[in-house]
Amino acid sequence: MGRSRTTPAPAPAVPGRTHTEGPLTATVASGTAELRPDRDRPHAWELVLDGAPQSLVDLADPTHLGFEYQRRIGHLIDLAAPARQPISVLHLGGGALTLARYTAVTRPRSRQQVAEIDTALTELVRTELPLDRGWQIRVRGGDARAVLERTPEGSTDLVIADVFAGARVPAHCATVEFAQLAARALTATGRYTANITDGGQLAFARAQAATLLAVFPEVCLIADPAVLRGKRFGNLVLAAAHTPLPLTDLTRRLAADPAQARLLHARDLTDFTAGATPVPDAQAIQSPPPPPKAFG
């Protein structure tokens, strides 16, 4: 008798926008949002706001972090607690909710709150790049600092600040008082991390490092060496805590990443600040605009 042939079951459909539908452009409160299909991943989409890349989401694999800065924050999510253990996270700035999706998959049952001021953007993302209904992700429309002010003391394991107005970090989310609010929201062993952008002499980044050092005893900075040398404009990730940061494991993960990264801590970070002083609310400034064709 011949062998019977079984037809393999079709792959389950991936909810959300498909590449066959093509790119999408929509007007949201913060400007013009575009969803661009990723050429290398059949279910991945890049969110672009007014020409500036914001997020990359793979609907078939939420653990994929396509942007360098998101992978660096992803390492901090991985090291926030033992593997798979749920944590509580406050995301300041939502975008396409890439890091919230990552946390939900890598740390099931985590409680996550997202502050995103652009409710039209959130609605667009929810419609076109939907979240799994089982994920405990609550998105609140509101200013990041206002949400942080209302966050109960000692309630959060991880605060992630990825707050941008256009392509710039808002001034009121880059001060000593803002960092103090984040510190207040954290558990005793909790951690704070922030994504910022800068270039050239890195005056904004140096001041932000000094600002966190005024609030937290433990601070480190992660960035591409070319950015640290002032050779190009780019992202810098800051991490802070009241307890020691997992520097050995973090350094090991950064070394394994395809993108080069340098970690500054202790004396190296103090030298980096180069005499910069902490920034209070009264002297707050937004991060510098990206140079022309920075994303071209």
Side-chain angles (χ1 to χ4, degrees), residues 63-83 87 89 91-93 98-99 102-103 106-107 157-164 169 174 178-179 182-183 186 189-279 287-288:
T63 66
H64 174 71
L65 300 176
F67 288 3
E68 295 171 11
Y69 88 87
Q70 290 182 330
R71 291 199 299 276
R72 290 163 188 164
I73 297 177
H75 298 325
L76 292 164
I77 295 170
D78 292 342
L79 296 170
I87 58 175
V89 187
H91 301 263
L92 302 174
T98 303
L99 291 170
Y102 178 85
T103 305
T106 61
R107 295 188 174 280
D157 297 310
L158 184 61
V159 174
I160 299 174
D162 190 11
V163 189
F164 284 83
V169 179
F178 183 85
L186 292 173
T189 57
R191 295 169 187 159
Y192 171 71
T193 183
N195 172 46
I196 63 173
T197 54
D198 202 359
Q201 296 300 309
L202 300 173
F204 181 80
R206 297 180 199 280
Q208 288 306 295
T211 296
L212 291 189
L213 285 167
V215 177
F216 293 94
E218 287 289 321
V219 181
C220 73
L221 181 147
I222 307 164
D224 186 301
V227 173
L228 289 175
R229 291 195 300 269
K231 298 297 185 181
R232 71 175 181 86
F233 187 91
N235 297 82
L236 304 95
V237 171
L238 288 153
H242 286 291
T243 55
L245 293 164
L247 299 175
T248 300
D249 288 337
L250 182 56
T251 300
R252 185 180 301 115
R253 288 169 181 261
L254 293 171
D257 193 277
Q260 280 192 315
R262 185 180 171 199
L263 186 150
L264 304 183
H265 176 256
R267 179 61 182 273
D268 288 339
L269 185 60
T270 302
D271 290 345
F272 171 79
T273 63
T277 56
V279 182
S287 66

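Predicted, not measured: the structure shown is a model, and the values here were computed from it.
- Among all heavy-atom pairs drawn from I87 and A81, the shortest one is CG2-CB, 3.8 Å.
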- request: For T98 and F67, run side-chain contact (heavy atoms from CB on, under 4.5 Å): C-alpha distance rounded to whole Å, both residues' side-chain angles, the deciding distance at 0.1 Å, then the answer.
  value: CA-CA 10 Å; T98 303; F67 288 3; over 6 Å; no
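- Side-chain contact between I73 and Y102 is absent, with no heavy atoms from C-beta onward closer than 4.5 Å.
- Residues that satisfy the side-chain contact (heavy atoms from CB on, under 4.5 Å) test with A261, not counting sequence neighbours, are R72, I222, L254.
- Side chains of I77 and I160 form a contact here, defined as non-hydrogen atoms less than 4.5 Å apart.
- Listed here is the closest heavy atom pair of A183 and V215: CB-CG1, 4.0 Å.
- In this structure, CG on L99 lies 7.0 Å from CG on D162, to the nearest 0.5 angstrom.
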task: Could you check L264 against D271 for side-chain contact (heavy atoms from CB on, under 4.5 Å), going step by step and ending with a plain yes or no?
output: CA-CA 9 Å; L264 304 183; D271 290 345; over 6 Å; no
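- For H75, there are no side-chain hydrogen bond (donor to acceptor under 3.5 Å, both in side chains) partners two or more places apart in sequence or in a different chain.
- With sequence neighbours excluded, no residue satisfies salt bridge (charged side-chain N to carboxylate O under 4.0 Å, His left out) with D157.
- A203 and D198 get closest at one heavy-atom pair: N-OD2, 3.5 Å.
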message: As a quick check of understanding, evaluate side-chain contact (heavy atoms from CB on, under 4.5 Å) for F164 and T197, giving each step before the final call.
response: CA-CA 10 Å; F164 284 83; T197 54; 3.6 Å; yes
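- Counting only distance, with no hydrogens or angles, the side chain of R107 and the backbone of P82 share a donor-acceptor pair below 3.5 Å.
- Annotation: side-chain contact (heavy atoms from CB on, under 4.5 Å) contacts of R71 (sequence neighbours excluded): L65, E68, D257, P258, A259.
- A distance of 5.5 Å separates CG of L186 from CZ of F216, quoted to the nearest 0.5 Å.
- Taking OG1 of T251 as the start and CG of L263 as the end, the distance is 5.0 Å to the nearest 0.5 Å.
- Residues A276 and A210 share a closest heavy-atom pair of O-CB, 3.5 Å.
- When every heavy atom of V169 is checked against every heavy atom of S287, the shortest pair comes out as N-OG, 2.7 Å.
- Within the structure, the side-chain hydrogen bond (donor to acceptor under 3.5 Å, both in side chains) test picks out the following pairs touching residues 204-221 (sequence neighbours left out): E218-H265.
- A distance of 5.0 Å separates CG of L202 from CZ of F272, quoted to the nearest 0.5 Å.
- The heavy-atom pair separating V163 from G93 by the smallest distance is CG2-N, 4.3 Å.
- Not a single donor-acceptor pair under 3.5 Å links the side chain of R253 to the backbone N or O of L79.
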Would you tabulate the side-chain donor-acceptor contacts of residues 231-249 under 3.5 Å, counting partners in other chains and residues two or more places apart, or write 'none'?
unit_1, atom_1, unit_2, atom_2, d
R232, NH2, D224, OD2, 3.1
N235, ND2, N195, OD1, 3.0
D249, OD1, R252, NH1, 2.6

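- Interatomic distance, OG1 of T270 versus CG of L213, reported as 6.0 Å (0.5 Å rounding).
- Between the OG1 atom of T103 and the CG atom of D78 there is a distance of 8.5 Å, given to the nearest 0.5 Å.
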